[in-house]
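The structure under discussion appears below in the form of structure tokens.
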Amino acid sequence: MEIKTAEKRVKELHTLLNQYSYEYHVKDHPTVPDSEYDRLLKELNDIEAEYPELITSDSPTQRVGGEPQSAFTKVEHRTPMLSLANAFNEEDLRDFDRKVRQAAGEDYEYVCELKIDGLAVSLRYEDGLFVQGATRGDGTIGEDITVNLRTIRSIPLRIKEPFSIEVRGEAYMPKKSFEQLNRAKEENGEEPFANPRNAAAGSLRQLDPRIAASRNLSIFLYAIGDPGETGVTAHSAGLDLLEDLGFKVNKERKLCKNIDEVLDYIKNWTEKRPDLPYEIDGIVIKVNSLAQQQELGSTVKTPRWSIAYKFPAEEVVTKLISIELN
Ligand SMILES: NC(=O)c1c(N)nc(OC2CCCC2)nc1O[C@@H]1CCC[C@@H]1O
């Protein structure tokens with residue numbers, strides 16, 4: 001095949017493979033069998049082997065990096081990655097709502113989101129290309145885990161618009177993958193992970209990206225780091241923009257007109273939580289208007305315009321091991 005034909009075919013294969021990967025990993029709605037994806041990926045690998053100069057960083061063949069690095073470098077977040085204050089009951093939530101009303105007046109609404117129990121990460125894109133990903137760390141300084149985040153198939157290596165944007169989300173391990181991983185660990189006599197959050201964090205802190213690639217991780221994006229530059233004025237529009245750009249955004253989010261609708265949402269998901277294919281440890285409630293978020297501001301660590309309702313810790317039935325005292 002001569003170079004001009006190869007260049008054209010590489011572009012076609014990128015488009016096809018990225019579309020099929022998006023349908024499978026982001027929309028959970030594949031339109032072609034895995035065998036078709038694998039066939040096209042092999043064709044791309046073969047062309048790239050013949051013409052290495054045609055390999056680009058966003059090629060579907062470039063998900064799993066080369067040799068492990070010796071350590072992760074540090075990354076300073078351009079805007080701090082805040083954590084969340086907690087609410088444990090209706091009274092806490094009504095307190096939060098009262099404070100919001102004091103600052104925002106009567107005309108405000110909330111967005112409710114499932115609180116994914118994973119590892120908070122930041123993804124940076126330059127001109128549409130994924131260039132760097134980092135853990136939240138202490139909120140100001142995180143670890144550069146780009147090579148491991150590139151292995152997560154639901155993270156696009158190039159987004160649908162050539163935006164330079166920083167986005168944030170929760171990387172997580174689906175319940176089924178967690179159970180599968182722990183079965184394998186137990187069969188190998190290894191220590192199993194205590195929960196999917198630890199398994200996701202442990203996988204993303206591996207220095208060898210081939211291990212992260214084997215852990216079937218996923219991600220839900222839930223914030224734009226620098227929304228001002230996108231022109232959106234409401235959090236809900238920010239989430240829709242993330243979806244339009246090709247990111248995986250949790251579909252259970254809901255606009256709530258008032259705190260009573262928030263309480264209904266919480267009641268609903270307290271019941272439906274066990275049926276979810278991923279762990280959640282609560283519900284995140286956010287004032288929708290970005291202008292009102294600005295008015296409310298943040299403390300050093302947490303926003304005043306958002307709160308996390310935490311589910312009661314499941315009463316762990318601790319089998320008391322009776323120690324035979326002889
Ligand atoms: N875990 C989540 O699903 C989640 C979410 N859906 N939305 C937010 O919005 C926060 C981020 C900064 C201000 C509001 N945070 C989340 O998790 C946070 C990240 C860091 C601590 C919490 O786990």
Side-chain angles (χ1 to χ4, degrees), residues 75 77-88 93 96 99-100 110-123 133-143 145 149 152 154-155 166-175 195-201 204 217-228 232 234-243 247-256 262 265-266 269-270 272-273 276-290 292-311:
V75 172
H77 300 300
R78 296 184 180 174
T79 51
M81 288 183 72
L82 301 172
S83 62
L84 288 166
N86 292 331
F88 297 99
L93 290 166
F96 167 71
K99 288 179 194 142
V100 166
Y110 294 117
V111 174
C112 281
E113 299 168 21
L114 301 183
K115 188 171 182 296
I116 311 302
D117 195 4
L119 182 75
V121 296
S122 153
L123 309 176
T135 62
R136 176 173 163 271
D138 64 3
T140 305
I141 306 282
E143 286 181 318
I145 54 166
L149 290 168
I152 299 182
S154 46
I155 291 180
E166 193 243 317
V167 296
R168 293 159 177 192
E170 201 86 359
Y172 69 93
M173 184 179 289
K175 287 176 183 172
N195 54 53
R197 173 171 37 79
N198 290 7
L204 285 171
L217 298 171
S218 190
I219 190 169
F220 284 117
L221 281 302
Y222 55 63
I224 299 173
D226 40 10
V232 298
H235 176 66
S236 53
L239 295 178
D240 295 343
L241 173 62
L242 287 173
E243 243 175 359
F247 289 109
K248 186 171 182 176
V249 179
N250 195 278
K251 64 183 177 7
E252 309 305 349
R253 61 191 185 273
K254 187 175 184 291
L255 262 182
C256 290
V262 170
Y265 181 89
I266 288 172
W269 284 104
T270 302
K272 290 166 69 176
R273 178 185 180 200
L276 286 166
Y278 44 83
E279 292 282 5
I280 61 172
D281 62 337
I283 303 294
V284 184
I285 300 121
K286 302 173 183 178
V287 169
N288 193 29
S289 153
L290 297 189
Q292 291 174 337
Q293 290 186 6
Q294 287 288 327
E295 275 167 50
L296 282 153
S298 302
T299 67
V300 173
K301 292 303 269 182
T302 61
R304 292 194 190 89
W305 44 267
S306 180
I307 197 163
Y309 167 77
K310 302 289 288 210
F311 293 125

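Indexing begins at 1, ligand by ligand and atom by atom, following the structure's order.
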Only one of Arg197, Arg273, Lys310 clears side chain to side chain donor-acceptor pair (under 3.5 Å) with Asp281; which? Lys310
Between the main-chain N or O of Ser236 and the side-chain N or O of Asn288, is there a donor-acceptor pair closer than 3.5 Å? yes
Pro303 to ligand 1, any heavy atom closer than 4.0 Å: yes
Below 4.0 Å from ligand 1: does a non-hydrogen atom of Leu114 turn up there or not? yes
Ala120 N/O to ligand 1 N/O under 3.5 Å: no
Under 3.5 Å between some N or O of ligand 1 and some N or O of Ser83? no
Considering all heavy atoms of both residues, which atom of [X] and which atom of [Y] are nearest to each other, and what is their separation?
X	Y	result
Leu93	Ala87	CD2-CB, 3.7 Å
Leu290	His235	CD2-N, 3.8 Å
Val249	Leu239	CG2-O, 3.8 Å
Gly297	Trp305	O-CD1, 3.4 Å

Mind checking whether [X] contacts ligand 1 via backbone (N, CA, C, O), side chain (CB onward), both or neither, at a 4.0 Å heavy-atom cut-off?
X	result
Trp305	side chain
Asp117	neither
Ile116	both

Over 60° means perpendicular and under 30° means parallel, so classify the ring planes of Tyr265 and Trp269, tilted if in between. tilted
Note: heavy atom closest to atom 7 (N) of ligand 1, options Lys286, Lys115, Glu170, Arg168, belongs to Lys286
By ring-ring contact (aromatic ring centres under 6.0 Å, His included) - contacts of Tyr172 (at least two apart): Phe220, Tyr278
What is the closest protein heavy atom to [atom], and at what distance does it sit?
atom	answer
atom 6 (N) of ligand 1	Glu113 OE1, 2.9 Å
atom 12 (C) of ligand 1	Leu82 O, 3.9 Å
atom 11 (C) of ligand 1	Tyr222 CE1, 3.9 Å
atom 14 (C) of ligand 1	Leu84 CD2, 3.7 Å

Can you list the ligand 1 atoms lying under 4.0 Å from a non-hydrogen atom of Arg136? 20 (C)
Applying side-chain contact (heavy atoms from CB on, under 4.5 Å), can you list everything that pairs with Ala199, at least two apart in sequence or on another chain? Met173, Phe178, Leu181, Phe193
